[in-house]
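Below is one structure, written out as structure tokens; the observations come after it.
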Amino acid sequence: MAGPRTLLEKIWDDHLILEEDGQCLLLVGRHLAHDGSYHAFAALEERGLALRRPEQTFATPDHGVPTISRRVEDIADPAQRRVVEALPRNAAKHGFTLFGLDDPRQGIVHVVGPEQGVTQPGLILVCGDSHTSTHGALGALAFGIGASEVAHVLATQTLWRRRPKTMRVTVEGERPAGVAAKDVILAVIARIGANGGAGHVIEYAGSTIRAMSVEERMTVCNMSIEAGARAGMVAPDEKTYEYLKGRPFAPAGADWDAALAYWRTLPSDPGARFDAEVALDAARLEPMVTWGNSPEDALPVTGRVPDPADAPSAAQRAAWRETLEYMGLRPGQRLTDIAVDQVFIGSCTNGRIEDLRAAAAIARRGRAVVPAIVSPGSTLVKRQAEAEGLDRIFREAGFEWRESGCSMCIGMNGDLVAPGRRCASTSNRNFRGRQGRGSRTHLMSPAMAAAAALTGRITDVRELAGG
Amino acid sequence: MEPFTTLTAVAAPLDVPNVDTDQIAPARFLRRPRREGYADVLFHDLRYAAPGVERPEFVLNRPPYRDARILVADRNFGGGSSREQAVWALVDGGIRCVIAISFGDIFWENSVKGGLLLVRLDEPEVAALRRQLHARPGARITVDLERQSITAPDGRALAFEIEPARKRRLLLGLDEIGLTLRHEDAIAAFERGYRTRRPWLFRHGAPGAG
Ligand code: SF4
């Protein structure tokens, strides 16, 4: 009889084909593809190999798609256009399911997977994109892979992996008003560091996580990669099942009952051991914002830009100095004194309906004084938002209402932040040049980003949200 | 993939932590076909002020380090995006080995596929290596994968750990898909069991159906 096991160990054991040389050969339950998977399909073709299991691959274009229209011709960069056009060709050739550019089910792959019920508890799910960790919010083991491994999955439906270590991040207590799921994960990353989760799969636990909606858990799991972790996950519970029930690719009828019985066995057993434990008190959290070029450079919005003189090491001091120069910030400057040039609301981190509702609730209180764009995480999210009148709120407040795609999170479709410009963004990476060469990014929650649009500077949303 | 056995080459110090894959290979270059090469993409925005205009201060633009085939970085090298183009850019740009305190996980997995050796050493060892490279620009480091040993510019030998599977794949330049397909029977048998255990995963109708 095996001892108590974690959620991760249960999923791992259920997909383990064999072990060799300390590496595990794992079956991949679901593979998600997007326009960027093009290199992997090219590699498959070059070797004359077939897609082994078309019924286990699902795809949608997102990285390079235009947000001003649904027309491929509106993609300015010919290399991007070629890649977006290759996806339907590959779908027709290999026979996998595609939610194409003109399909209402299109969207950012990490929003679409859960939305369609393709993502389910207990699965190993992979995708050629690091934020695949998002899907762990439903109790799956989901992680990003590179092009060679995507080709490997296409050809074999398997992957080689070492057993990861496990980390439990327990967040307890009630979140204060104004503190979003984004703030929780930014606080976790600030605490453990951008490499703090390396080699580990994080399971998020505790009353704060349990109280979160499934969408909020997705925001948390999404940014596990920014903590350096291989994946993030949350044990499935009644909220997960309720979320999945009735979705197009979720089990139905007798299958639902069988699936549900299995899913209920997944949560970590009492007494299961984790290699590392981290605890956070939600009651002490504040809205967070990043000041630097690593997601670990996150502080409560009430804070000040750090002084390199206070850095913990010489390497860190040099890095902070360069960061402040790149970001155009002064040591000791109040974060709320930083003026922004533009605002982006969207991405797989914060482009779901609840995110748009949170942003709209702030947007309706004023008018944007800097350019602000909203790109819903999927076309279905866009339609839902329109049905709720959120598009009208945004438009009336001077925000641009766009089509769905990765957009300014990565800037591959031409939605860019110009050199030296500063963007308040709900995306997940504040790396140098991430939103365009020379761009300066400050990560924050959707409500905080909307607040920044109304004031033109980084703003504590709690000052706007009252009354 | 080109096997990795031993390498003696100029090493360049990269002092900053968190050099992410967006720095190694910026997003706008990622759609280029693999065979067209990624050498000019490597550290593009750190290296060039404008296309073809070098930033003289960037380490790989300084004469002693131009021929570097080894990088000594800091903490969390290659974190962030899963883009394997970061590995392609390094390898095409001549870099076959990166030494650092820690690496991004996905980058770590991708590196082997391109024949790039990543070596993890402790912080003091990495810092000492970088100090030597600054003190003697153009100094060489020797990496011996078989013996799992690095010879620093000062002649000191440093041992490093590597998993047997990674080591074998790098030494022999093995192709992973070929390796995996040797297990075809085991995979097929496992798949049959999986379908029986989780039938609902396979009952979503014809591809393309909603
Ligand atoms: S929205 Fe951004 S992080 Fe998410 S998949 Fe697209 S590019 Fe990646």
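Numbered from 1 within each chain, the chains take letters A, B, ... in sequence-line order.
For B:I106, the part lying under 4.5 angstrom from a heavy atom of chain A is the side chain only. For A:Y38, the part lying near chain B is the side chain, with the backbone staying farther off; criterion is any non-hydrogen pair under 4.5 Å. For A:T156, the parts sitting under 4.5 Å from any heavy atom of chain B are the backbone and the side chain alike. Heavy-atom distances place both the backbone and the side chain of A:A259 under 4.5 Å from chain B. With a threshold of 4.5 angstrom between heavy atoms, B:R32 approaches chain A through N, CA, C or O but not through any side-chain atom. Interface remark: A:L25 contributes side-chain atoms only to the contact with chain B (heavy atom separation under 4.5 Å). Contacts of A:N428 with chain B are absent, with no heavy-atom separation under 4.5 Å from either backbone or side chain. With a 4.5 angstrom heavy-atom cutoff, B:E176 touches chain A via backbone and side-chain atoms both. Using a 4.5 Å cut-off between heavy atoms, A:I225 touches chain B through its side chain atoms alone. In this structure, the portion of B:F103 lying under 4.5 Å from any heavy atom of chain A is its backbone and not its side chain. For a residue to count as touching a neighbouring chain, one of its non-hydrogen atoms must lie under 4.5 Å from one of that chain's; by this rule A:A79 touches chain B with backbone and side chain alike. Of the two parts of A:R429, only the side chain, counted from C-beta on, holds a non-hydrogen atom closer than 4.5 Å to a non-hydrogen atom of chain B. For A:F58, the part sitting under 4.5 Å from any heavy atom of chain B is the side chain, from C-beta outward, and nothing else. For B:D74, the part lying under 4.5 angstrom from a heavy atom of chain A is the side chain only.
For B:E123 and B:R75, the salt-bridge test fails: no basic side-chain N is under 4.0 Å from an acidic carboxylate O. For the pair B:R182 and A:E20, the salt-bridge criterion is met [side-chain N within less than 4.0 Å of a carboxylate O]. A salt bridge links A:R162 with B:E163; the closest basic N to acidic carboxylate O contact falls under 4.0 Å. Ion pairing between A:D35 and A:R82 fails under the 4.0 Å rule for side-chain N and carboxylate O. For B:R166 and B:E161, the salt-bridge test fails: no basic side-chain N is under 4.0 Å from an acidic carboxylate O. Taking a cutoff of 4.0 Å between a charged side-chain nitrogen and a carboxylate oxygen, B:E125 and B:R156 do not qualify as a salt bridge. Between B:E184 and A:R52 a salt bridge is recorded (basic side-chain N to carboxylate O distance below 4.0 Å). A salt bridge between B:R62 and B:E57 is absent, with no side-chain N of the basic residue lying under 4.0 Å from a carboxylate O of the acidic one.
Among A:H131, A:R161, A:Q56, A:Q23, the residue with the largest count of heavy-atom pairs under 4.5 Å with chain B is A:R161. The greatest number of non-hydrogen atom pairs below 4.5 Å with chain B, out of A:E149, A:M412, A:R47, A:R437, is found for A:R437. Top candidate by heavy-atom pairs under 4.5 Å with chain A, chosen from B:E191, B:Q23, B:R197, is B:E191. The most heavy-atom pairs under 4.5 Å with chain B, out of A:H39, A:R30, A:R230, come from A:H39. Contact count against chain A (heavy-atom pairs under 4.5 Å) is highest for B:H183 among B:R83, B:H183, B:R34, B:R28. Comparing B:Q85, B:R169, B:H44, B:R130 by how many heavy-atom pairs each has under 4.5 Å with chain A, the most go to B:R169. Per-residue heavy-atom pair counts under 4.5 Å with chain B were compared for A:Q316, A:H15, A:H63, A:E226, and the maximum is reached by A:H15. Counting heavy-atom pairs closer than 4.5 Å to chain A, the top-ranked of the candidates B:N110, B:D22, B:L46 is B:D22. Between chain A and the options B:L30, B:V16, B:L201, B:D15, heavy-atom pairs under 4.5 Å are most frequent for B:L201. In terms of heavy-atom pairs under 4.5 angstrom with chain A, the leader among B:L179, B:D45, B:N18, B:V87 is B:D45. The most heavy-atom pairs under 4.5 Å with chain B, out of A:R53, A:Q120, A:E46, come from A:R53. Counting heavy-atom pairs under 4.5 Å between each of A:G22, A:G36, A:A314 and chain B puts A:G36 at the top.
No side-chain donor-acceptor contact under 3.5 Å links B:D122 to the backbone of B:P124. Looking at A:R317, its side chain never comes within 3.5 Å of a backbone N or O of A:P312 through a donor-acceptor pair. Judged purely by atom type and a 3.5 angstrom limit, B:S149 has no side-chain atom pairing as donor or acceptor with the backbone of B:L145. Between the side chain of B:D105 and the main chain of A:A198, no donor-acceptor pair closer than 3.5 Å is present.
A cation-pi contact, defined as under 6.0 Å to the ring centre and within 45° of the axis, links B:R198 to A:Y262.
With values rounded to the nearest 0.5 angstrom, A:T158 atom OG1 is found 11.5 Å from A:L16 atom CG.
For B:F58 and B:Y48, the ring centers sit 6.0 Å or farther from each other.
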